[in-house]
Amino acid sequence: MPNEIDHILDSLNGWTARQFSEVFEGSEMSLVTKDVLRGFTIPGAEYSKEFSLAKSRFPEEELTTIGMIVNLRKK
C-alpha cells in the first residue's frame, strides 16, 4: 500500500497550491472565486509519522491541498 506522502504532488499534477496561485495572480485574469479542497485520500494519514516529518519541511496547506476550483475573469 503506498504512503499518502508519496502521492502529495500527484494530487495537483505535480504543482503546489502556491504555484497555481502564482500563475493566476500573474495572468491577465482577475480571480473571482477560489475554492480549495483539503484532506487526505488515505484515512488517518494526518496522524502518520511521515506526515509529521513532511510538516517540518513544507507548509501544511501544500501537503493537504488535493484540489482547487478557480473562477477567473478577463481584466
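Keep in mind the model is a prediction, meaning the values are calculated, not measured.
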Salt bridge (Lys or Arg N to Asp or Glu O under 4.0 Å) pairs touching residues 19-29, sequence neighbours excluded, are none
Interatomic distance, OG@Ser27 vs CE@Met29, rounded to 0.5 Å, equals 6.0 Å
Residues at least two apart in sequence or cross-chain that pass side-chain hydrogen bond (donor to acceptor under 3.5 Å, both in side chains) with Gln19, listed by chain then number, are Thr16
When the side chains of residues 67-75 are checked against the rest of the protein, which donor-acceptor pairs come out under 3.5 Å, sequence neighbours left out?
from, atom 1, to, atom 2, distance (Å)
Asn71, ND2, Thr33, OG1, 2.6

- With no hydrogens and no angle check, is any side-chain donor or acceptor of Thr65 less than 3.5 Å from a backbone partner on Glu62? no
State, yes or no, whether a side-chain contact exists between Leu53 and Lys49 at a heavy-atom distance under 4.5 Å. yes
Nearest heavy-atom approach of Phe51 to Glu60 is CZ-CG, 4.1 Å
With sequence neighbours left out, the residues meeting salt bridge (charged side-chain N to carboxylate O under 4.0 Å, His left out) with Glu61 are Arg38
Sorted by chain and number, sequence neighbours left out, side-chain hydrogen bond (donor to acceptor under 3.5 Å, both in side chains) with Lys34 holds for Ser21
